[in-house]
Amino acid sequence: METVMDIWNFDWIVAQPTMYIGLSRQLFPDRRSFGWMGWMPEHLAETGDALAAVESMRGGTFMLLQERMMNLKKPDIEACNRAEAHLLDHGVLKMLG
């Protein structure tokens, strides 16, 4: 993630299975989605029960959903949805487009 940040400027980075979006599993179809891990330029210090970890990184926040990689089984989809709700509650899950 940091290597691509050396090359391009980003305002949202996520790692997630392509099918998460393709199967419309995200909680808010009109907003950005979150997967297993990601980065955003905003600061977020609170993980709540939705994220395993948050850490300052390159002026923004690196976020980790859970220690293991996610899959498309129901518990992981529900965990992603909780993370998206948490990010929306904190005003950092922006609209698409």
Check: If every non-hydrogen atom of Leu65 is compared with every non-hydrogen atom of Ala83, which pair is closest and at what distance?
Finding: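 Of all heavy-atom pairs spanning Leu65 and Ala83, the closest is CD1-CB, 3.8 Å.
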Same cluster (ILVMFWY, side-chain, under 4.5 Å), [X] and [Y]:
X: Leu88; Y: Met95; value: no
X: Met5; Y: Ile7; value: yes
X: Leu93; Y: Leu96; value: no

Notebook entry, point to check: Charged N to carboxylate O under 4.0 angstrom, Asp76 versus Arg25?
Noted result: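 Salt bridge flag = no for Arg25 with Asp76.
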Checklist line | Salt-bridge present (Glu2, Arg58; N to O < 4.0 Å) | finding: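 Salt bridge present between Glu2 and Arg58.
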Notebook entry, point to check: Hey, does Gln26 have a side-chain heavy atom less than 4.5 Å from the side chain of Cys80?
Noted result: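 Cys80 does not reach Gln26 side chain to side chain.
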Item checked: Heavy-atom check, side chain of Glu84 versus side chain of Asp89, under 4.5 Å ->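 No, too far: nothing below the 4.5 Å cut-off.
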Extract all donor-acceptor atom pairs below 3.5 Å that involve side chains of residues 35-55 and protein atoms in other chains or at least two apart in sequence.
residue	atom	partner	partner atom	Å
Trp36	NE1	Gln66	O	3.0
Trp36	NE1	Arg68	O	2.8
Trp39	NE1	Met57	O	2.8
Glu42	OE2	Lys94	NZ	2.8
His43	NE2	Gly59	O	3.2

Margin query: If I take atom CZ from residue Phe34 and atom CG from residue Leu27, how far apart are they, to the nearest 0.5 angstrom?
Written below: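 Rounded to the nearest 0.5 Å, the CZ-CG separation comes to 13.5 Å.
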Check: Should Arg32 and Val14 be marked as a side-chain contact (heavy atoms from CB on, under 4.5 Å) after you check the CA-CA gap, both sets of side-chain angles, and the distance that decides it?
Finding: CA-CA 9 Å; Arg32 293 180 170 172; Val14 294; over 6 Å; no
Notebook entry, point to check: Taking Asn81 for the side chain and Phe28 for the main chain, is one N or O donor matched with an acceptor at less than 3.5 Å?
Noted result: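 A pair under 3.5 Å: no.
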Next item on the list: May I have all residue pairs that pass ring pair (Phe, Tyr, Trp, His ring centres under 6.0 Å) and include part of residues 67-97, sequence neighbours excluded?
Entry: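 Counting only pairs at least two positions apart or across chains, the ring pair (Phe, Tyr, Trp, His ring centres under 6.0 Å) contacts touching residues 67-97 are His86-His90.
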